[in-house]
Protein chains: 2
Amino acid sequence: MSLAHAILASLVEEATSGYELVKDFNERIACYWQASQQQIYRELNRLEEQGWIAGERVIQTDRPNKKLYRITPAGLQALKEWVAQPSDPAAIREELLVKVLAGYLVDPLVIRAEVQRRREYHQARLEHYHQVEEAYFQNLTAAPLPKQFMYRTLRRGIRYEADWVAWCDETLEWLNGTASSATPGTKPEAAADWLATNLG
Amino acid sequence: MSLAHAILASLVEEATSGYELVKDFNERIACYWQASQQQIYRELNRLEEQGWIAGERVIQTDRPNKKLYRITPAGLQALKEWVAQPSDPAAIREELLVKVLAGYLVDPLVIRAEVQRRREYHQARLEHYHQVEEAYFQNLTAAPLPKQFMYRTLRRGIRYEADWVAWCDETLEWLNGTASSATPGTKPEAAADWLATNLG
DNA sequence: ACGCACATGTAAGCCGTTACATGATTAC
DNA sequence: GTAATCATGTAACGGCTTACATGTGCGT
C-alpha cells in the first residue's frame, strides 16, 4: 500500500489533480517511485473512499474541468504513522543483469550494444538531475525543511544514476577487451564456482 | 516473464532442483533478481509444461527425494532470443525515500534511526559480496567466459550496496546537523519549487 | 482539419505477496 | 523428542501492466 502513501506525501503541501500527479510521478518522483496513470487514478478513488483525501471539482473555461485533491486530517495522521514504521529495502528485478549473466550465449555485440544503451539512458537522467540540483537546490541551509528533505531524495537519484553509468563504463571496458575475442555460442563450462557460498 | 528467463539462465550450466534454485535466488542472484520459493516452484511447473525445461525425479536414500530440472534445446533457444532483445530499466519503488520525502512530518529521530538501519543492512551485504569476490573471482583473466560474465553481476551488486551506504552516510551527516534542531511536526511550507521542471 | 496538451477513466490478465500445508532424514 | 535441513507444494489476494476508451480547448 505504499503508492497510497507516496500520493499522500505529494498532497501534503498543495492540492493537486490526478493529471498533475501523473506528471509529478513521471518527473520528480520517478527516481524512487514509479506509477502509471491508471494506478494513480485508481488509488485516488480508493483514498477518497477511505477519507484520506478529499476531491473537489474545479470548473475551468480555458481547459477541460479537473478534480483537485487535498489531504484530510485523517490522511495526514495515517501518513505520519506509516512514515514512523520501519520498511524493507526494495526488491531488485533487473532484466539487464539476467541478460549479462547469460551474455556468453549470444554474440558479444548484443550485450555491448545493450549496455551502451543503458549507459546513455542513465547519463541523460543524471544530467537532468544535475540541472534540477543547480536550479532549485542552491541555498539549502536557508531553505525550509521540506525542501531539504526533498533534496535528499534527489541526491539518491543522482547517486543511483551516476553509479549505473560507472558500472556500464567498467563493463564496456571489459567487453572491449576479453569478450570481443570470444566466439558467440561458446560452450558453457562449469562457472558457478561460488554456488556454495551463502548469505549469512 | 523475466523470472522464467532468470531460471533458464540458472539452469544452463547444470541441472538443479527447486530447492537448490530457491537457495541460489536467495544467495547469489538476489543482488539483481528476487523471487520467493512459491514463485520459483510455480514457474518451474509452467516452464516444464511449456517444454523449456525437463524435470527428472531423483530418488535419494539419505534425504527426501527431489526433482532435477534441465534446460531443453527449445528452452535454450528461447533464452538466447530473449537475451538478444532490448530491455527497459527496472522500476524503482523505494519506500524509504517516500518516508524521507515526508520526513519533516515526524520526529527527526525516527528518520535517523531508519536510515541508520538501512546503512547497516547494505554494509552487511557489501561485506559479503567482497568476501565472495576475494574467494571466487581472483584469476579472472584465466577464468572461463561464463564466470567472467557472472563477475559483472557481482560488480553491480557491490556498486549498488556501496552506493547505498554512501547515501546513508551523507544523509546521516545532514540529519545530525540541520535537522536535529528542528521541532517535530513543523508546519510544511511551499517547498516543491521544482514542480515545474520536466524530464525531457 | 489536425495535432497537442489537458483531463479522466474501464477492464483483463499476469505477477508477486502472504498464509498455509506436508513430509523425510539427520544430529543432538 | 525435537530442532534443523532437505524437499515440495496449494490458494487467496492485491498490485502492476497492458490495452482500450473518451472528451475539451487551443494553436496553426
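Chain letters run A, B, ... following the sequence lines, proteins first and then strands; every chain starts at 1.
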Could you check how far [atom1] of [X] sits from [atom2] of [N], rounded to whole Å?
X        : N       : atom1 : atom2 : result
Gln50(A) : dG14(D) : CD    : P     : 13 Å
Arg42(A) : dG15(D) : CZ    : P     : 8 Å
Ile40(B) : dA7(D)  : CD1   : P     : 15 Å
Glu27(B) : dT5(D)  : CD    : C1'   : 13 Å
Lys67(B) : dG23(C) : NZ    : C1'   : 17 Å
Gln34(A) : dC16(D) : CD    : P     : 11 Å
Gln37(B) : dT8(D)  : CD    : P     : 10 Å
Phe25(B) : dC15(C) : CZ    : C1'   : 14 Å

Respond yes when some side-chain nitrogen or oxygen of [X] is under 4.0 Å from OP1 or OP2 of [N], and no when none is.
X        : N       : answer
Gln39(A) : dG15(D) : no
Tyr41(B) : dG9(D)  : no
Tyr19(A) : dC6(C)  : yes
Arg46(B) : dC14(C) : no

Should [X] and [Y] count as an ion pair when the cut-off is N to O under 4.0 Å?
X         : Y         : result
Arg156(A) : Asp163(B) : yes
Lys23(A)  : Glu20(A)  : no
Arg46(A)  : Glu49(A)  : no

**Prompt:** How would you label the contact of Gln38(B) with the nucleic acid (heavy atoms, under 4.0 Å): base, sugar-phosphate, or nothing?
**Reply:** base
(Q) Considering every strand and a 4.0 Å limit on heavy-atom distances, what is the contact class for Gln60(B): base, sugar-phosphate, or nothing? (A) sugar-phosphate
From the list [options], which nucleotide is the closest neighbour of the side chain of [X]?
X        : options                 : result
Arg63(B) : dG9(D), dG16(C), dA7(D) : dA7(D)
Lys23(B) : dC6(D), dT8(D), dC16(D) : dC6(D)
Arg93(B) : dC16(D), dC6(D), dC6(C) : dC16(D)
Lys66(A) : dA7(C), dT8(D), dT17(C) : dA7(C)

**Prompt:** In terms of hydrophobic clustering (I, L, V, M, F, W, Y; side-chain heavy atoms under 4.5 Å; direct or indirect links), are Ile158(B) and Tyr121(B) co-clustered?
**Reply:** no
Contacts of Pro64(B) and Tyr69(A) projected onto DNA chain C by closest heavy atom; the upstream (5') one is Tyr69(A)
Residue pair Glu20(B)/Met1(A) against DNA chain D: nearer the 5' end by closest nucleotide is Glu20(B)
When the aromatic ring centroids of Phe149(B) and Trp174(A) are compared, is their separation below 6.0 Å? yes
